[in-house]
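Scroll down for the structure; my scribbles are underneath it.
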There are 2 protein chains.
Amino acid sequence: MSAEKERSLSTQKAILKLIPVFRKYGYEGTTLSMLSQASGLGKASLYHHFPQGKAQMARAAFDYIGSSFEDTVLEPLSGKGEPRERIEAMCCSLKEFYDNGRNACFLAIMSFGEADNLFHDLVKQKLKTWIDILAQVLIEAGIEANQAKDRSTEAMMQIQGAVILVRILDDTTLFKKLIENLPAQLLD
Amino acid sequence: MSAEKERSLSTQKAILKLIPVFRKYGYEGTTLSMLSQASGLGKASLYHHFPQGKAQMARAAFDYIGSSFEDTVLEPLSGKGEPRERIEAMCCSLKEFYDNGRNACFLAIMSFGEADNLFHDLVKQKLKTWIDILAQVLIEAGIEANQAKDRSTEAMMQIQGAVILVRILDDTTLFKKLIENLPAQLLD
DNA sequence: GTCTATACACCGATAGAC
DNA sequence: GTCTATCGGTGTATAGAC
C-alpha cells in the first residue's frame with residue numbers, strides 16, 4: 001500500500017507531468033521553465049502547489065515514484081502464491097516500471113550532485129528497504145539469509161547497470177534478457 | 001597507447017583539476033565558478049584553454065579519462081601472459097580506476113540530460129569499443145564469440161550498477177566483491 | 001596566459017491582481 | 001488556483017588590460 005502524502009487532485013496531476021522531466025534531465029538539469037512547460041502551469045502556479053520550490057517538486061516526484069514502485073513492483077511479492085511465482089510477477093511489473101530499461105531510475109538520478117546533498121538519506125533508506133523486501137521473499141523460498149541479501153543486492157545492482165547501458169547503447173534487449181533471467185538467478 | 005589530443009602542459013594540468021568536479025556534479029550540475037575554483041584559474045583563463053567553453057571542458061575531461069582508462073585498465077589486457085592473468089591485472093587496475101566504486105563513471109555521468117545531447121554518440125562508441133576489447137580477450141581464452149560479448153557486456157553492466165550502489169549505500173564492499181569475482185565470472 | 005570587469009540570458013523565487 | 005510581472009542572483013561567455 002502506498003505511503004503517498006495526501007494532495008489535491010490537481011497537485012497529483014501536476015506531479016505526474018513533472019516526473020518525466022526530472023527523470024530525463026536530473027535534478028540540476030531540470031529548470032522551472034521546463035517544469036512549467038511540462039505541467040502547463042505557470043511558475044507561480046507551481047509555487048502554489050509546491051511552496052518550497054524545486055526541491056519540493058523533486059521530492060514529490062520521488063515520493064510518487066516510490067509509492068508507485070511499491071504498489072506495482074513490490075506488491076506482487078507479498079501475494080499468496082509460491083515465491084517463484086511472486087518473483088516472476090515482480091519481474092513482469094519491473095519491465096513495465098522501467099519501460100524495458102528506457103526509464104532512468106529515480107534512485108540513481110537523485111544520487112548525484114546537489115540532489116545527493118538534499119536526498120541522500122532518503123534514497124539510501126528506500127534502496128535498503130527494497131533490497132530487504134526482496135531478500136525476505138528469498139528467505140521464504142528457503143535461501144539462507146546472508147545469501148538472500150547478497151542476491152537481492154546483486155539484482156538491484158544489475159538493474160541499475162542495465163538501465164544505464166540501455167540508455168547509452170540504445171538497446172533494450174539487455175534489460176529484457178536480464179529480467180528474463182532474474183527469477184532463476186535469484187532462486188537457483 | 002593514448003589517443004589524447006596534444007595540449008599544452010598547463011592545459012593538461014587544468015583538465016586534471018576539472019575532472020573531479022564533473023564527476024561529482026555531472027555536466028549540468030557543474031558551473032564555471034566551480035571549475036574556476038577547482039582549477040585555480042579565472043573564468044576568462046578557462047576560456048583561453050577551452051574556447052568553446054563548458055562543453056569543451058567536459059569533452060576534454062571525457063577524453064582524458066578515456067585515455068587513462070585505456071592506458072591503465074585496458075592496456076593489461078593486451079599483455080603477453082595467460083588470458084586469466086591479464087584479466088586479473090585488469091580487475092586490479094579497475095579497482096583503482098573507480099576508487100573501489102567511489103568514483104562515478106564518466107560514461108554514466110555523460111549519458112544524462114544535456115550531456116547526452118552533446119555526447120551521446122561519443123559515449124556509445126567508447127562503451128562499445130571497451131566491451132569489444134574485453135570480449136576479444138575472452139575469445140582468446142576459448143570462449144565462443146557471442147558468449148564472450150554477452151559476458152563482457154554483463155560485466156560492464158555490473159560495474160555501472162555497483163558504482164551507483166556504492167554511492168547510494170556508502171559501502172564499497174559490494175564493488176570489491178564484484179571485482180573479486182569478475183575473473184571467474186568472465187572465464188568459467 | 002592570466003586577470004578584472006562586464007554583458008546578457010536565464011535561474012529560482014515572490015508580489016499581487018484576478 | 002492561475003496568471004503577469006518582476007526581483008536578485010547566478011549562469012555562460014566576452015572584452016580588453018597587463
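A, B, ... follow the sequence lines: proteins, then strands. Residue 1 opens every chain. No hydrogens, no waters, no symmetry mates; every other heavy atom, side chains included, goes into these values. Given the structure is predicted, the values throughout are model-derived calculations rather than measurements.
- Note: Tyr27(A) and Phe22(A) have parallel aromatic rings, judged against thresholds of 30 and 60 degrees for the angle between ring planes.
- Separating the NZ atom of Lys54(A) from the P atom of dT14(C) is a distance of 15 Å, rounded to the nearest angstrom.
- Residues Lys126(B) and Glu70(B) are paired through a salt bridge, judged by an N-O separation under 4.0 Å between the basic side chain and the carboxylate.
- Rounded to an integer number of Å, the gap from CD of Glu28(A) to C1' of dT12(D) is 16 Å.
- A distance-only check finds a donor-acceptor pair linking the side chain of Arg151(A) to the backbone of Leu186(A) [under 3.5 Å].
- Here the C1' atom of nucleotide dA13(C) and the CD atom of Gln56(A) are 13 Å apart, to the nearest Å.
- dT12(D) atom C1' lies 14 Å from atom CG of Leu118(B), rounded to whole Å.
- DNA chain D is contacted by Gly40(A), Leu41(A), Gly42(A), Ala44(A), Ser45(A) of residues 36-47 of chain A, taking any non-hydrogen atom closer than 4.0 Å.
- Taking 4.0 angstrom as the limit, Ser33(A) places a side-chain polar atom (N or O) nearer than this to OP1 or OP2 of dC11(C).
- Between the CD atom of Glu114(B) and the C1' atom of dC10(C) there is a distance of 14 Å, rounded to whole Å.
- Partners of Asp150(A) by salt bridge (charged side-chain N to carboxylate O under 4.0 Å, His left out), not counting sequence neighbours, listed by chain and number: Lys177(B).
- Regarding contacts with the backbone of dG1(C), a side-chain N or O of His48(B) is found under 4.0 angstrom from either OP1 or OP2.
- The aromatic rings of Phe106(B) and Phe62(B) sit tilted, their planes meeting at an angle between 30° and 60°.
- Figure legend: Arg167(B) and Phe112(A) shown as a cation-pi pair, the cationic atom lying under 6.0 angstrom from the six-membered ring centre and within 45 degrees of its axis.
- The nearest whole Å value for the distance from the NE2 atom in His49(B) to the P atom in dT14(D) is 16 Å.
- Here the straight-line distance linking atom CD of Glu154(B) with atom CD1 of Ile131(B) works out to 11.5 Å at 0.5 Å rounding.
- In this structure, Ser10(B) reaches neither bases nor backbone, as no heavy-atom distance under 4.0 Å exists between it and the strands shown.
- For Leu35(A) and dA13(C), the CG to C1' distance is 13 Å, given to the nearest whole Å.
- The distance from atom CZ of Phe50(B) to atom C1' of dT2(C) is 14 Å, rounded to the nearest whole Å.
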